[in-house]
Enquirer: 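Supplied in structure tokens, the structure appears directly below.
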2 protein chains.
Amino acid sequence: MRPLDVTKREEEYLETIYILHKNKGVIRVKDIARIMNVKPPSVVDALKKLAEKGLIEYEKYDRILLTDEGRKIAEKTYSKHVLLTQFFVDILGIPPEIAEQDACQFEHYVHEITVQRMKEFASFIQENCSYVLKNFLKEKLEE
Amino acid sequence: MRPLDVTKREEEYLETIYILHKNKGVIRVKDIARIMNVKPPSVVDALKKLAEKGLIEYEKYDRILLTDEGRKIAEKTYSKHVLLTQFFVDILGIPPEIAEQDACQFEHYVHEITVQRMKEFASFIQENCSYVLKNFLKEKLEE
DNA sequence: TCACCTGATTAGGCTACCCAAAAAGATTTA
DNA sequence: TAAATCTTTTTGGGTAGCCTAATCAGGTGA
């Protein structure tokens, strides 16, 4: 196993590609650029690097595809994204848009155990004192 | 009001300076370097930029001091750091070292409302179903 | 089929951040 | 106080990531 080191930013590109693939099948440079808030040349730079690292398949003017390794990273990141967002919204009552933004950054740093624990905590509370949670959220959402 | 834009990394330097000042009073380049895991020349680069932005007072070979503006940023960041760490440890039962690391990154991105809400949530749970929380933590800490 | 449009790519250049090696300043010690 | 030592700073250079302007490829309508 090569000791790949994937930067935060590369992880974001992988995640974007993963989501585009999931939603539309086709992946275009300009869509990646739009979503990531950069210009197309920056996307091309990134694609070259990701291809060199074996995380995507990419031939210029051709299709863009995640390799198994790239997809693995993207899936892991994306699942953290989803779990973090859920926790912020469902447990803390954070407005979805803000929760998204927070998740979108934290997902690249947070330890596996922390996300896992958030998930377990959410279930535990919902099972054992869901009415307390409801009160908390009610109070916060009313403010 | 100048529209300062402070990078994540600069925020980290400010926070380190703030903590060193709080703990020891004196601030040395080599201590900053050790804590931030960089070499002294990198610290000097950073100090120059922070001084240009008016966030620290710095004359070479002389003392390093936060300005009011610099301290304000450092304090805000540090308080997020503390609150995030507490939440991870006290509510989720994350090992302190990991909690520290997670907090240390997230503190630079997290919205004010999210940290605030974590704080309120922690109090709310501790007041309203501390016993459920205890069970959760017990279960997790035993594993 | 050719001129035009759109999207992708290349070329060249910028900033933030980091480093090693060498020079300069401060400090300690003989 | 002069030499040795420690700390800080400068110099010169590297990488990641982004941009604008120019070029290239592919499709489309006249």
Side-chain angles (χ1 to χ4, degrees), chain A residues 2-17 20-21 24-66 70 73-74 77 104-105 107-109, chain B residues 2-17 20-21 24-66 70 73-74 77 104-105 107-109:
Chain A
R2 229 160 346 124
L4 267 234
D5 86 279
V6 180
T7 67
K8 167 188 190 306
R9 202 54 176 153
E10 284 170 345
E11 227 173 70
E12 290 179 30
Y13 278 102
L14 291 176
E15 192 183 6
T16 300
I17 292 168
L20 279 171
H21 181 70
K24 315 205 314 173
V26 187
I27 295 152
R28 287 179 203 287
V29 170
K30 69 169 185 145
D31 292 331
I32 301 177
R34 181 178 37 80
I35 294 175
M36 305 259 321
N37 255 306
V38 297
K39 303 294 175 184
S42 309
V43 174
V44 175
D45 282 354
L47 293 179
K48 285 179 185 168
K49 282 197 187 157
L50 290 171
E52 266 172 34
K53 294 191 181 184
L55 300 173
I56 62 172
E57 283 175 43
Y58 166 63
E59 293 299 331
K60 59 185 195 170
Y61 296 111
D62 199 8
R63 78 205 185 303
I64 298 162
L65 274 186
L66 289 171
I73 293 171
T77 307
C104 216
Q105 296 298 324
E107 67 191 17
H108 303 290
Y109 299 110
Chain B
R2 227 158 349 122
L4 267 232
D5 88 277
V6 180
T7 68
K8 167 190 190 303
R9 202 55 177 152
E10 284 171 345
E11 225 173 72
E12 290 179 30
Y13 277 102
L14 290 175
E15 192 184 5
T16 300
I17 292 168
L20 278 171
H21 181 70
K24 315 203 315 171
V26 186
I27 296 152
R28 285 180 203 287
V29 170
K30 68 171 184 146
D31 293 331
I32 301 177
R34 182 178 36 79
I35 294 175
M36 305 258 323
N37 255 305
V38 297
K39 304 294 174 185
S42 309
V43 175
V44 175
D45 283 354
L47 294 178
K48 284 178 185 168
K49 283 198 186 154
L50 290 171
E52 265 172 35
K53 294 190 181 185
L55 301 172
I56 62 172
E57 283 174 42
Y58 166 63
E59 294 299 332
K60 58 185 193 171
Y61 296 108
D62 199 8
R63 76 205 187 302
I64 298 162
L65 274 186
L66 290 171
I73 294 171
T77 306
C104 215
Q105 295 298 324
E107 66 190 19
H108 303 290
Y109 299 110

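Just so it is clear: chains get the letters A, B, ... in the order the sequence lines come, proteins before strands, and each one is counted from 1.
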Enquirer: Assess Lys53(A) against Tyr58(A): is NZ or CZ under 6.0 Å from the centre of the six-membered ring, and within 45 degrees of the ring's axis?
Expert: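 That pair does not qualify as a cation-pi contact.
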
Enquirer: For Asp45(B) and for Arg28(B), locate the closest nucleotide of DNA chain D by heavy-atom distance; then report the residue assigned to the nucleotide nearer the 5' terminus.
Expert: Arg28(B)

Enquirer: Tell me: NZ of Lys39(A) to P of dT9(C), nearest whole Å?
Expert: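 Atom-to-atom, Lys39(A) to dT9(C), this comes out as 17 Å.
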
Enquirer: Between C1' on dA16(C) and NZ on Lys48(B), what's the gap in Å once rounded to a whole number?
Expert: 15 Å

Enquirer: Could you work out which one of dA26(C), dC17(C), dG7(C) sits closest to the side chain of Glu10(B)?
Expert: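 The closest nucleotide is dC17(C).
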
Enquirer: So how far is it from Ile56(B) CD1 to Leu50(B) CG, rounded to the nearest 0.5 Å?
Expert: 5.0 Å

Enquirer: Sorted by first residue and then second, give each salt bridge (Lys or Arg N to Asp or Glu O under 4.0 Å) pair with at least one member in residues 37-49 of chain B; sequence neighbours left out.
Expert: none

Enquirer: Give a yes or no on whether a salt bridge exists between Glu12(A) and Arg9(A), defined as a side-chain N under 4.0 angstrom from a carboxylate O.
Expert: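 Answer for the salt bridge query: yes.
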
Enquirer: May I have the distance from Lys53(B) (atom NZ) to dT15(C) (atom C1'), rounded to whole angstrom?
Expert: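 For the pair Lys53(B) NZ and dT15(C) C1', the rounded distance is 11 Å.
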
Enquirer: Whole Å only: how far is the CD atom of Glu59(A) from the C1' atom of dT9(C)?
Expert: 14 Å

Enquirer: Starting at NZ of Lys60(A) and ending at C1' of dG7(C), how long is that distance when rounded to a whole Å?
Expert: 14 Å

Enquirer: Distance check: side-chain N/O of Tyr58(A) vs OP1/OP2 of dT9(C), anything under 4.0 Å?
Expert: yes

Enquirer: Nearest-Å distance, CD1 (Ile32(B)) to C1' (dC18(C))?
Expert: 16 Å

Enquirer: Examine Lys8(B) relative to Tyr13(B) and say whether NZ or CZ is less than 6.0 Å from the centre of the six-membered ring and inside a 45° cone about the ring axis.
Expert: no

Enquirer: Suppose we screen for side-chain hydrogen bond (donor to acceptor under 3.5 Å, both in side chains). Which residues come up paired with Arg28(B), at least two apart in sequence or across chains?
Expert: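 For Arg28(B), no residue satisfies side-chain hydrogen bond (donor to acceptor under 3.5 Å, both in side chains) once neighbours in sequence are set aside.
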
Enquirer: Using 0.5 Å steps for rounding, measure from the CD1 atom of Ile32(A) to the CD1 atom of Ile17(A).
Expert: 4.5 Å

Enquirer: Just to confirm, is there a sub-4.0 Å distance from OP1 or OP2 of dA16(C) to any side-chain nitrogen or oxygen of Lys8(B)?
Expert: no

Enquirer: Does a side-chain N or O of Ser42(B) approach OP1 or OP2 of dC19(C) to a distance below 4.0 Å, or not?
Expert: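 Ser42(B) to dC19(C) OP1/OP2: side-chain N or O found under 4.0 Å.
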
Enquirer: How would you give the extent of chain B contacts on DNA chain D, as first and last nucleotide 5' to 3' within a 4.0 Å heavy-atom cut-off?
Expert: dT7(D) to dT10(D)

